[in-house]
Protein chains: 2
Amino acid sequence: MRDVARLAGVSQPTVSRVLNETTTAISISEETRQKVFDAVRELQYRPNMTARSLRTQETKMIALMIADISNSFYHPIVRVIQDVARQHDYDVIIADSDHRQDNERHFIEAVTRRPVDGVIMVPIHLTDEEIDHFIAQTRTPVVVIGVQIKHPQVDVVWADDEQATYEAVRWLLTERGYAQAGFVGVPDDFPPGPRRWRGYLRAMEEAGLPVEPDFVLFDGDFTLESGRRCARKVLAQERWAPVYFAVNDLMAIGFILEMQDAGYTVPDDVAVMGFDDIPEASIIRPHLTTVAQLTRELGDKLATTLLDRIEGRSEGPKRVLEIACKLMPRQSA
Amino acid sequence: MRDVARLAGVSQPTVSRVLNETTTAISISEETRQKVFDAVRELQYRPNMTARSLRTQETKMIALMIADISNSFYHPIVRVIQDVARQHDYDVIIADSDHRQDNERHFIEAVTRRPVDGVIMVPIHLTDEEIDHFIAQTRTPVVVIGVQIKHPQVDVVWADDEQATYEAVRWLLTERGYAQAGFVGVPDDFPPGPRRWRGYLRAMEEAGLPVEPDFVLFDGDFTLESGRRCARKVLAQERWAPVYFAVNDLMAIGFILEMQDAGYTVPDDVAVMGFDDIPEASIIRPHLTTVAQLTRELGDKLATTLLDRIEGRSEGPKRVLEIACKLMPRQSA
DNA sequence: TGGTACCATGCATACGTATGCATTAAACCA
DNA sequence: TGGTTTAATGCATACGTATGCATGGTACCA
């Protein structure tokens, strides 16, 4: 910038002012403005964002932590967030926690040492205390996906997946006519597993059906491989449910593949339903019956909610935004 | 840091020296070292990486640009790079170009304004000039995936996919006994399409087969949807090849799905082979015959090659590293 | 013509850190 | 005891930018 100033025959602050004309209402003569622009072009000058960040205390970056880059559910979300952020002149840095607690911790550590203007994340293992502490220390706006956080300023965008699961399981039992339904889930501390579990429970209760301990599994972690594991566990049992509701598509798909590898037919020997409607749901045979989440809308709401906070358009207590779910009847159940 | 210094009763530079003990050979008394550590713990102090970057001119970040987050081919690569980088105390920021030229340009722009210590990328549309210019301006080490770059310092990691394609097509023709083979490709300026095209050509030539214009398509862009488009084009024709080699799995899968949607059977009505061996290749029915690339090894080599450059262990002209390919015979061809 | 207002720009400084150099005190040697 | 080395620390500064304040100049008005 000093070189630009020298070439344009003005001072460094003047160059700064020309380049950030929007910021200050200060006036610059058209002549020097031109000289500066010419010099910038000539020298191919690009402002150093590191220095700018140090001075302004804002980085024009937002950090996004997803739980599993292999889960297609997140892909449209990533895309939309990148697009919206770009429109507002922010860069997005993406991190993948792989559902691992140490990775989540590392992410938080990274964004406190290297400040960003906002954070969007899927905190699976992070505690409320850790999040509180992060916010207290950095005052960074945070928006989360699909998880309720106690902190009074953390916005959340989610689907009402308890209700959606309830409706899906009810639909399996009443419309599709299954006499019983199993549940392929995750441990209690894996949001949003417990919500979907409650939806399942509600549907079972309403249908007057007992929850058979043999038919419910909690060994998953949202990955395809864990769906296979659950299927192997079922295969080792004597009794199966006629249909299994899996907490997400990836596990449903793993479950189906393992069943098929073992020589069974879906949905005749065992039916399977998923949640998310990722592209693979329409690749696998039979096509996966599932619940779609409007992920583009989800991404859009995440990004705009965060930017509203960052740019001061939203100051109050936390907002909870809901996105719609839609039953996608296909062939697997 | 000033607060830490005050609390520890020492000067700010002393705190800095204690925290970066590795850097300088300067000696600090054990007593003050302890006082500083205590103060750091008490104040929960975390160094500000922005300021540190400004001072040291290094950011401890490497930037990774992939071409399509929906292409599972990249997922293990991302994971391994994150892991290796972490071991060396670097953070990785991921960007997704979505094969779009403007996104690639934006990425380059972003990493010149906000310097990083190294770049790993899949430059599809970027010209040699743009890359030269970036390096000249920032002196940032660059490693690319699967593309030859003219710049004498840009390392490249790739598979010998021309040879692998040649062997795959030859295998289709000789071992599998197909009398002809089609090609589902991408335009000339989409690396690594042309290399795979040359492999196909070589196999056809060696087999003494003519390349039928009706059997070769170049309308793809590596996405599943573009595979469907190619299939629709084939469906509209009178003559088909008995087997099609697609430049990647995603296109092969799109091709198969569209064929199946139109009522045809794979591999009986038309056989399809892919390239990459992404997880979806083992989800689709029939399972996709394809060529596996050792993506974890690819990611590892990318990361270590880049870190070698960054940390000065490698100074010379560009290195070209090759990873192995492996034929994966399954059911689709 | 002198005073006031305002436009355009420069000067000085701060953001949080790392590091060359200077300084002090202690230790050692002759 | 005086001088020289060494260990431990502080002082001053720079990285590249943004901004409050001061300043010079021009135009306007009475």
Side-chain angles (χ1 to χ4, degrees), chain A residues 1-37 39-40 43-61 89 111-117 137-140, chain B residues 1-37 39-40 43-61 89 111-117 137-140:
Chain A
M1 190 153 129
R2 217 192 311 266
D3 299 336
V4 173
R6 192 160 17 227
L7 180 60
V10 299
S11 72
Q12 172 267 325
T14 300
V15 175
S16 173
R17 280 187 266 255
V18 170
L19 264 35
N20 305 336
E21 42 184 334
T22 55
T23 318
T24 58
I26 225 160
S27 50
I28 299 282
S29 80
E30 192 51 41
E31 186 190 345
T32 64
R33 189 189 308 276
Q34 270 311 322
K35 284 190 302 187
V36 168
F37 281 139
V40 164
L43 269 54
Q44 296 270 6
Y45 167 78
R46 294 286 177 283
N48 179 314
M49 295 300 285
T50 306
R52 178 176 290 182
S53 296
L54 185 60
R55 174 63 223 241
T56 62
Q57 304 291 54
E58 57 179 38
T59 59
K60 286 288 175 184
M61 301 174 58
D89 239 17
V111 290
T112 84
R113 298 161 74 117
R114 193 190 319 280
V116 294
D117 293 345
Q137 207 166 347
T138 65
R139 315 201 149 283
T140 308
Chain B
M1 189 154 131
R2 216 191 313 264
D3 299 337
V4 174
R6 191 158 19 224
L7 180 60
V10 298
S11 72
Q12 172 266 325
T14 299
V15 176
S16 173
R17 280 187 266 257
V18 170
L19 265 34
N20 305 336
E21 41 184 334
T22 56
T23 319
T24 58
I26 224 159
S27 51
I28 299 283
S29 80
E30 193 50 42
E31 184 190 347
T32 63
R33 188 189 309 277
Q34 270 310 324
K35 283 191 302 187
V36 168
F37 281 139
V40 164
L43 269 54
Q44 297 270 5
Y45 166 77
R46 294 287 177 284
N48 179 316
M49 295 300 285
T50 306
R52 177 175 292 182
S53 298
L54 185 61
R55 175 60 224 243
T56 62
Q57 304 292 49
E58 56 178 38
T59 59
K60 285 288 175 185
M61 302 173 59
D89 238 16
V111 289
T112 84
R113 298 162 74 117
R114 194 190 319 282
V116 294
D117 293 346
Q137 207 166 348
T138 65
R139 315 199 149 285
T140 308

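This is a predicted model, so every value here is computed, not measured. Throughout, a chain's letter reflects where its sequence line sits, starting with A, and its residues are numbered from 1.
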Visitor: Between atom OG1 of A:T59 and atom CZ of A:R114, what is the distance when rounded to the nearest 0.5 Å?
Guide: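 Between A:T59 OG1 and A:R114 CZ, I get 11.0 Å after rounding to 0.5 Å.
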Visitor: Looking at five pairs on each end of the helix from C:dT1-D:dA30 to C:dA30-D:dT1, what is the angle between the two axes, given to 10 degrees?
Guide: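 If I round to tens, the end axes sit 60° apart.
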Visitor: Rounded to the Å, how far apart are A:K60 NZ and D:dT17 P?
Guide: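 Taking atom P of D:dT17 as the reference, NZ of A:K60 is at 17 Å.
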Visitor: Taking only the side-chain heavy atoms of A:L54 (C-beta and beyond), determine which of D:dG16, C:dG20, C:dA18 contains the nearest atom.
Guide: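 For A:L54, the side-chain atoms sit closest to D:dG16.
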Visitor: Show every donor-acceptor pair shorter than 3.5 Å between a side-chain atom in residues 6-15 of chain B and any protein atom, with sequence neighbours excluded, or say none if there are none.
Guide:
| unit_1 | atom_1 | unit_2 | atom_2 | d |
| --- | --- | --- | --- | --- |
| B:R6 | NH2 | B:D3 | OD1 | 3.1 |
| B:S11 | OG | B:T14 | N | 3.4 |
| B:S11 | OG | B:T14 | OG1 | 3.1 |

Visitor: On DNA chain D, check which nucleotide each of B:Q12 and A:Q12 is closest to and give me the residue with the more 5' one.
Guide: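 It is B:Q12 whose nearest nucleotide is closer to the 5' end.
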Visitor: Counting only side-chain N and O atoms of B:R55, is one of them less than 4.0 Å from OP1 or OP2 of C:dT19?
Guide: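 No, B:R55 has no side-chain N/O under 4.0 Å of OP1/OP2 on C:dT19.
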Visitor: Work out which heavy atom in B:T140 is nearest to a heavy atom in B:V116; give both atom names and the distance.
Guide: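 Smallest interatomic distance, heavy atoms only, reads CG2-O, 3.6 Å.
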Visitor: Taking atom C1' of D:dG16 as reference, at what distance in whole Å does atom CG of A:N20 sit?
Guide: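 Rounded to the whole Å, the gap is 13 Å.
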Visitor: From the options C:dA8, D:dT9, D:dA18, select the nucleotide whose nearest atom is closest to the side chain of B:S29.
Guide: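 For B:S29, the side-chain atoms sit closest to D:dT9.
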Visitor: The side chain of A:V10 is closest to which nucleotide in this list: D:dA12, C:dG10, D:dA18?
Guide: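 The answer is C:dG10, which lies nearest to the side chain.
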Visitor: What is the distance, to the nearest angstrom, from the CD atom on B:Q34 to the P atom on D:dA8?
Guide: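 Distance, rounded to whole Å: 15 Å.
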Visitor: Would you indicate what A:T56 reaches in the nucleic acid, counting non-hydrogen atoms under 4.0 angstrom: base, sugar-phosphate, or nothing?
Guide: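 Sugar-phosphate: the residue A:T56, judged by heavy atoms under 4.0 Å, touches backbone atoms but no base.
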Visitor: Output all residues satisfying side chain to side chain contact (heavy atoms under 4.5 Å, CB included) with B:Q137, sequence neighbours left out; order by chain, then residue number.
Guide: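 In terms of side chain to side chain contact (heavy atoms under 4.5 Å, CB included), with neighbours along the sequence ignored, B:Q137 is linked to A:Q44, A:R46, B:H133.
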Visitor: Quick check for you: among C:dT17, D:dC15, D:dC21, whose closest atom lies nearest to any side-chain atom of A:R2?
Guide: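 Looking only at side-chain atoms, A:R2 lies closest to D:dC15.
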Visitor: With heavy atoms under 4.0 Å as the rule, sort A:Q57 into base, sugar-phosphate or nothing.
Guide: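 Sugar-phosphate, backbone atoms only, no base.
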Visitor: Output the distance between atom OG1 (B:T138) and atom CZ (B:R113), rounded to the nearest 0.5 Å.
Guide: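 With rounding to 0.5 Å, OG1 (B:T138) is 14.0 Å from CZ (B:R113).
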Visitor: Using the test salt bridge (charged side-chain N to carboxylate O under 4.0 Å, His left out), find all partners of B:E30 that sit at least two apart in sequence or belong to another chain.
Guide: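 Only B:R33 meet the salt bridge (charged side-chain N to carboxylate O under 4.0 Å, His left out) criterion with B:E30.
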Visitor: Only counting residues at least two apart or in another chain, list the ones meeting side chain to side chain contact (heavy atoms under 4.5 Å, CB included) with B:E58.
Guide: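 Residues passing side chain to side chain contact (heavy atoms under 4.5 Å, CB included) with B:E58: B:T56, B:K60, B:D117.
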Visitor: What is the distance, rounded to the nearest whole Å, between atom CD of B:E58 and atom C1' of C:dA18?
Guide: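 Distance, rounded to whole Å: 11 Å.
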Visitor: Which nucleotide wins on minimum distance to the side chain of A:A51, given the candidates D:dG10, D:dG16, C:dT17?
Guide: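 Nucleotide nearest to A:A51's side chain: D:dG16.
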Visitor: Quick check on C:dT9: is either OP1 or OP2 less than 4.0 Å from any side-chain nitrogen or oxygen of A:T32?
Guide: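 For A:T32, the contact criterion (side-chain N or O under 4.0 Å from OP1 or OP2 of C:dT9) is met.
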Visitor: Round to the nearest Å and state the distance from B:N48 atom CG to C:dC15 atom C1'.
Guide: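 Computing the B:N48:CG to C:dC15:C1' distance gives 9 Å.
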Visitor: Mind checking A:T14 for me? I need base, sugar-phosphate or nothing, with any heavy atom below 4.0 Å counting as a touch.
Guide: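 Sugar-phosphate contact only.
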Visitor: Could you state the CG-C1' distance from A:D3 to D:dC15, rounded to the nearest angstrom?
Guide: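 After rounding, the reported distance stands at 14 Å.
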Visitor: Which listed nucleotide (D:dC11, D:dT19, D:dA18) is nearest to the side chain of B:R17?
Guide: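 Looking only at side-chain atoms, B:R17 lies closest to D:dC11.
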Visitor: For A:T50, answer base if it contacts any base atom (sugar-phosphate contacts may also be present), sugar-phosphate if it contacts only those atoms, and nothing otherwise; contact means non-hydrogen atoms under 4.0 Å.
Guide: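 The residue A:T50 makes no contact with any strand.
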Visitor: Taking atom P of D:dA7 as reference, at what distance in whole Å does atom CD of B:E31 sit?
Guide: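 Whole-Å distance recorded here is 18 Å.
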Visitor: Just to verify, what does B:T50 make a side chain to side chain contact (heavy atoms under 4.5 Å, CB included) with, not counting sequence neighbours?
Guide: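 With neighbours one apart ignored, the set is A:T50, A:S53, A:L54, A:P115, B:N48.
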Visitor: If you assign each of A:P47 and B:P13 to its closest nucleotide in DNA chain D, which residue comes earlier from the 5' end?
Guide: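 Closer to the 5' end of DNA chain D: B:P13.
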Visitor: Return the value, rounded to whole Å, for the distance between atom CE of A:M1 and atom P of D:dC15.
Guide: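 That distance rounds to 14 Å.
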